[in-house]
Asks: 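Please see the structure below; I have some questions.
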Amino acid sequence: MKLFNLSKESVFITGASGFLGLQYSEFLCQQGARVYGVDLNENKKILSLQKKYKNLKFYKCNITSEKELQNLSNKIFKNTAPTVLINNAALDFSPDSNDDFIKPFEKYSNDAWKKTMNVNIDGVYLCCKIIGSKMAKLKRGSIINISSIYGIVSPDPKIYENKNKKKKFIKPIPYSVSKSAIINLTKYLAVYWAKKNVRVNNLILGGMQNKQNKTFVKNYSNRVPFGRMAKVNEYNGSILFLSSNLSSYMTGSNLVVDGGWTSI
Ligand SMILES: NC(=O)c1ccc[n+]([C@@H]2O[C@H](COP(=O)([O-])OP(=O)(O)OC[C@H]3O[C@@H](n4cnc5c(N)ncnc54)[C@H](O)[C@@H]3O)[C@@H](O)[C@H]2O)c1
């Protein structure tokens, strides 16, 4: 049971105010880890979690700014480093979004492309560079990069068909491309830091139910072998596994948790 214990772990998690970030932060606190939650957005939910758990500290920070990350890292860690880095922050797009990010490929906005890549790739790269390098110096650590099924296969346009919507939803191309890119960023760093005892793995997730329109939920569920979307707490086990010594011989790997989506 010692392997499950996170009381000696300290976790730096980005996107802590988001849907899954809040879930992971609370779960990790409950497992006894010291949690440093980071997000661009400071909301009521993360502040109330901070009140509830003494082992959670929240920091507002833009992960695309090397300067902000460096200042924060110096402030929190000085000569030390967290034992776990979870690169969870990203720009993602629900089937109910209707903005400049949702356009057919032929007319895709270069600005939307760059903004997405900036958070989803540059942000992960910078966190690895600043926090991961500190881990490597101390010769220990686990980095968990959060990818998506859309980083290994294309989105399936059929699940977005919806007669009730005036504008057709198309999952933005930079989301898929950025989620693919971090898969090989992970493998590169896994090999690069193997001798430094820093493990680097991908956690590749399927879609989670989160107030999307009913047609989408039905279409998605019909497409997935389990016949449903993931529940918000169904990735906690993988976070525990990758954060702890349970995964001590695992690096450069893809842990796919998708209800069977990518098996068809
Ligand atoms: N929700 C799903 O169904 C699903 C499926 C597969 C993969 N994922 C991945 O899981 C992760 C979390 O998803 P989620 O549903 O919780 O998303 P979310 O949008 O609820 O949370 C993302 C968080 O990242 C933060 N963020 C964005 N840009 C930032 C920046 N520059 N600096 C700091 N923070 C920034 C946002 O403020 C937000 O709180 C993402 O990487 C996403 O791609 C989610």
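FYI, side chains are in, hydrogens and waters are out, and symmetry mates aren't considered; it's all heavy atoms of this structure. Atoms within a ligand are numbered from 1 in the order they appear, just like the ligands themselves. Small disclaimer: the values here were computed from a predicted structure and weren't measured.
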Asks: Ignoring angles and geometry beyond distance, decide whether Phe19 reaches within less than 3.5 Å of ligand 1 through its nitrogen or oxygen atoms.
Replies: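 Yes; at least one N/O pair falls below 3.5 Å.
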Asks: Heavy-atom contact under 4.0 Å between Tyr150 and ligand 1?
Replies: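 Heavy atoms of Tyr150 never come under 4.0 Å of ligand 1.
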Asks: Return a yes/no value for Ser148: is any of its N or O atoms, backbone included, closer than 3.5 angstrom to an N or O of ligand 1?
Replies: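 In this structure, Ser148 places no N or O atom under 3.5 Å from an N or O of ligand 1.
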Asks: Nearest protein heavy-atom contact for atom 40 (C) of ligand 1: which residue, which atom, what distance?
Replies: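 Residue, atom and distance for the closest contact: Asn88 O, 3.2 Å.
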Asks: Taking the six-membered ring of Phe58 (Phe, Tyr or Trp), confirm whether the NZ or CZ of Lys60 is under 6.0 Å from its centre and within 45° of its axis.
Replies: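 Here Lys60 fails the 6.0 Å and 45° test against Phe58.
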Asks: Using heavy atoms and a 4.0 Å limit, tell me yes or no: is Ile146 in contact with ligand 1?
Replies: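 The answer is yes: ligand 1 sits under 4.0 Å from a heavy atom of Ile146.
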Asks: Nearest protein heavy-atom contact for atom 5 (C) of ligand 1: which residue, which atom, what distance?
Replies: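 Scanning the protein heavy atoms, the shortest distance from atom 5 (C) of ligand 1 goes to Gly206 O, 3.2 Å.
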Asks: Going by an N to O cut-off under 4.0 Å, is there a salt bridge joining Glu26 and Lys45?
Replies: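 Salt bridge absent between Glu26 and Lys45.
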Asks: Which protein non-hydrogen atom lies closest to atom 13 (O) of ligand 1, naming both residue and atom, and how far is it?
Replies: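 It is Leu20 CD1, 4.0 Å.
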Asks: Is there a polar contact, in the sense of an N or O pair closer than 3.5 Å, between Gly18 and ligand 1?
Replies: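 By distance alone, the answer is yes.
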Asks: Within ligand 1, which atoms have a heavy atom of Ala90 less than 4.0 Å away?
Replies: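 Here the atoms of ligand 1 in question are 22 (C), 24 (O), 27 (C), 40 (C), 41 (O), 43 (O).
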Asks: Below the 3.5 angstrom mark, is there an N/O of Leu40, backbone or side chain, next to an N/O of ligand 1?
Replies: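 Yes, at least one N or O pair falls under 3.5 Å.
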Asks: Who's the nearest protein heavy-atom neighbour of atom 28 (N) of ligand 1, and how far?
Replies: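 Checked against all protein heavy atoms, atom 28 (N) of ligand 1 sits closest to Val119 CG1, 3.6 Å.
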Asks: Can an N or O of Asn41 be found at a distance shorter than 3.5 Å from an N or O of ligand 1?
Replies: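 Looking only at distances, the answer is no, because the N/O contact criterion of under 3.5 Å is not met.
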Asks: Are Gly123 and ligand 1 in contact, using a heavy-atom cut-off of under 4.0 Å?
Replies: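 Checking ligand 1 against Gly123, which is what was asked, there is no heavy-atom contact under 4.0 Å.
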Asks: Counting only heavy atoms from other residues, nucleotides and ligands, does the tally under 6.0 Å from OH of Tyr108 exceed 12?
Replies: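 For Tyr108, atom OH is crowded (more than 12 foreign heavy atoms under 6.0 Å).
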Asks: Which protein heavy atom lies closest to atom 31 (N) of ligand 1, and at what distance to 0.1 Å?
Replies: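 I find the closest protein heavy atom is Asn62 OD1, 2.8 Å.
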Asks: Considering the heavy atoms of Leu205, write down every atom of ligand 1 situated less than 4.0 Å from one of them.
Replies: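 Atoms satisfying the 4.0 Å criterion: 6 (C), 7 (C).
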Asks: As an exercise, identify every atom of ligand 1 less than 4.0 angstrom from a heavy atom of Gly207.
Replies: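 Numbered from 1, ligand 1 contributes 3 (O).
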Asks: Write down the atom of Cys29, the atom of Leu56, and the distance for their closest heavy-atom approach.
Replies: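 Nearest heavy atoms, Cys29 then Leu56: SG-CB, 3.6 Å.
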Asks: For ligand 1, is there an N or O atom under 3.5 Å from any N or O atom of Met208?
Replies: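 It does: an N or O of Met208 is found under 3.5 Å from an N or O of ligand 1.
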Asks: Distance to 0.1 Å, residue and atom name: give those for the protein heavy atom nearest to atom 32 (N) of ligand 1.
Replies: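 Looking only at protein heavy atoms, the one closest to atom 32 (N) of ligand 1 is Ile63 N, 3.0 Å.
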Asks: How are the rings of Tyr36 and Phe77 set relative to one another: parallel (under 30°), tilted (30 to 60°) or perpendicular (over 60°)?
Replies: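 It falls in the perpendicular class, over 60°.
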Asks: Salt-bridge test for Asp96 and Lys165: reply yes if a basic N is under 4.0 Å from a carboxylate O, no otherwise.
Replies: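 Counted as a salt bridge, because a side-chain N and a carboxylate O are separated by less than 4.0 Å.
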Asks: Enumerate the atoms of ligand 1 whose separation from the nearest heavy atom of Cys61 is less than 4.0 angstrom.
Replies: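 Those qualifying, in numeric order: 32 (N), 33 (C).
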Asks: Using non-hydrogen atoms of the residue, decide whether Asn210 is closer than 4.0 angstrom to ligand 1.
Replies: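 Not so, Asn210 does not reach ligand 1.
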Asks: Judging by distance only, is a nitrogen or oxygen of Val38 under 3.5 angstrom from one on ligand 1?
Replies: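 Between Val38 and ligand 1, no N or O pair is found under 3.5 Å apart.
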Asks: In a check of side-chain contact (heavy atoms from CB on, under 4.5 Å) between Pro82 and each of Ser10, Ser73, Ser142, which one passes?
Replies: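 With Pro82 as partner, side-chain contact (heavy atoms from CB on, under 4.5 Å) holds for just one option, Ser10.
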Asks: Could you check Thr116 against Asn120 for side chain to side chain donor-acceptor pair (under 3.5 Å), going step by step and ending with a plain yes or no?
Replies: CA-CA 6 Å; Thr116 310; Asn120 296 11; 5.9 Å; no
Asks: Using distance alone, decide if ligand 1 has a nitrogen or oxygen within less than 3.5 Å of any nitrogen or oxygen in Thr64.
Replies: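 Such a contact does not occur with ligand 1.
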Asks: Hey, is OH on Tyr125 packed in by over 12 heavy atoms from elsewhere, all under 6.0 Å?
Replies: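 Open.
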Asks: When you measure from the heavy atoms of Ser147 to every atom of ligand 1, does any distance fall below 4.0 Å?
Replies: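 Within the 4.0 Å threshold, so yes.
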Asks: How far is atom 43 (O) of ligand 1 from the closest protein heavy atom, and which atom is that?
Replies: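 The closest one turns out to be Tyr175 OH, 2.6 Å.
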Asks: Within less than 4.0 angstrom of ligand 1, does Ala230 place any heavy atom?
Replies: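 It does not, in that no heavy atom of Ala230 comes within the 4.0 Å cut-off of ligand 1.
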Asks: Any non-hydrogen atom of Ser65 lying under 4.0 Å from ligand 1?
Replies: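 Under 4.0 Å: no for Ser65.
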Asks: Any Lys/Arg nitrogen of Asp122 or Lys115 sitting under 4.0 Å from an Asp/Glu carboxylate oxygen of the other?
Replies: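 Lys115 and Asp122: not salt-bridged.
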Asks: Heavy-atom contact check, 4.0 Å cutoff: does Gln23 meet ligand 1?
Replies: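 No, Gln23 has no heavy atoms under 4.0 Å from ligand 1.
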Asks: Give, for atom SG of Cys128 and atom CG of Asn145, the distance between the pair rounded to the nearest 0.5 Å.
Replies: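 Reported to 0.5 Å precision, the distance equals 5.0 Å.
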Asks: What protein heavy atom is closest to atom 36 (C) of ligand 1, reported as residue, atom name and distance in Å?
Replies: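 Of the protein heavy atoms, Asp39 OD1, 3.4 Å lies nearest.
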Asks: So, Thr64 and Asn62: side-chain donor and acceptor under 3.5 Å apart, yes or no?
Replies: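 Per modelled atom types, Thr64 and Asn62 side chains form a pair under 3.5 Å.
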Asks: With a sphere of 6.0 Å drawn around CZ of Phe4, does it hold more than 12 non-hydrogen atoms of other residues, nucleotides or ligands?
Replies: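 Atom CZ in Phe4 is not packed in, count stays at 12 or less.
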